[in-house]
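One structure is given below, encoded as structure tokens.
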Amino acid sequence: VHQMFVLDPSLEGAMTEEERRELRQAWYVKLASQRLLSAADKKRRGKLTAYLEGCAEIEKKMKAGEVVYKEEREKWSKMDAKRAE
């Protein structure tokens, strides 16, 4: 963004007050949510999300009558406990 202003200084201040308000509202929500979790929390949440998505795929296989291996059933059986996290 800084480079844009260096290349064309006339861009500075070219935004209407309504555009600024909309941008601030959108960015505030995004920035605030990023600050709520530490890097470790974000990593844990990502792993948990991936785990639950895997469980959902196993559940689809089970409903479709496909072969589900023992390890997959064990993973699926822990899904509710993982959701509670």
Side-chain angles (χ1 to χ4, degrees):
V1 174
H2 174 72
Q3 191 64 26
M4 284 182 7
F5 293 123
V6 170
L7 294 172
D8 187 1
S10 68
L11 292 174
E12 187 174 350
M15 190 181 290
T16 66
E17 192 58 39
E18 180 62 28
E19 289 173 318
R20 283 188 184 129
R21 189 175 16 263
E22 289 173 9
L23 185 62
R24 285 182 185 130
Q25 287 176 340
W27 275 94
Y28 177 78
V29 171
K30 186 173 183 174
L31 292 173
S33 67
Q34 289 175 354
R35 291 180 173 238
L36 291 176
L37 300 175
S38 68
D41 289 336
K42 289 178 188 176
K43 185 176 182 179
R44 190 179 75 228
R45 184 175 63 179
K47 286 183 177 184
L48 184 58
T49 300
Y51 186 93
L52 293 175
E53 288 171 357
C55 288
E57 289 299 317
I58 294 168
E59 193 168 32
K60 283 182 188 177
K61 284 175 66 174
M62 291 169 61
K63 287 181 179 179
E66 296 178 26
V67 175
V68 178
Y69 298 102
K70 179 183 173 187
E71 296 83 12
E72 291 175 317
R73 282 196 184 275
E74 289 172 359
K75 180 178 181 176
W76 180 79
S77 69
K78 297 175 186 174
M79 183 172 57
D80 289 333
K82 289 287 187 178
R83 277 192 183 143
E85 287 182 31

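This is a predicted model, so every value here is computed, not measured.
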What distance separates Met62 CE from Glu59 CD, expressed to the nearest 0.5 Å?
7.0 Å
Find the distance between CD (Glu19) and CZ (Arg21) and round it off to the nearest 0.5 Å.
11.0 Å
Would Val29 and Leu23 show up in the same hydrophobic cluster when neighbours are defined by side-chain heavy atoms closer than 4.5 Å?
no
Listed once per pair and sorted, the salt bridge (Lys or Arg N to Asp or Glu O under 4.0 Å) pairs that draw on residues 63-78, sequence neighbours left out:
Lys61-Glu72
Drop me the distance from Lys47's NZ to Lys82's NZ, to the nearest 0.5 angstrom.
10.0 Å
Step by step, would you call Arg44 with Asp41 a side-chain contact (heavy atoms from CB on, under 4.5 Å)?
CA-CA 5 Å; Arg44 190 179 75 228; Asp41 289 336; 3.4 Å; yes
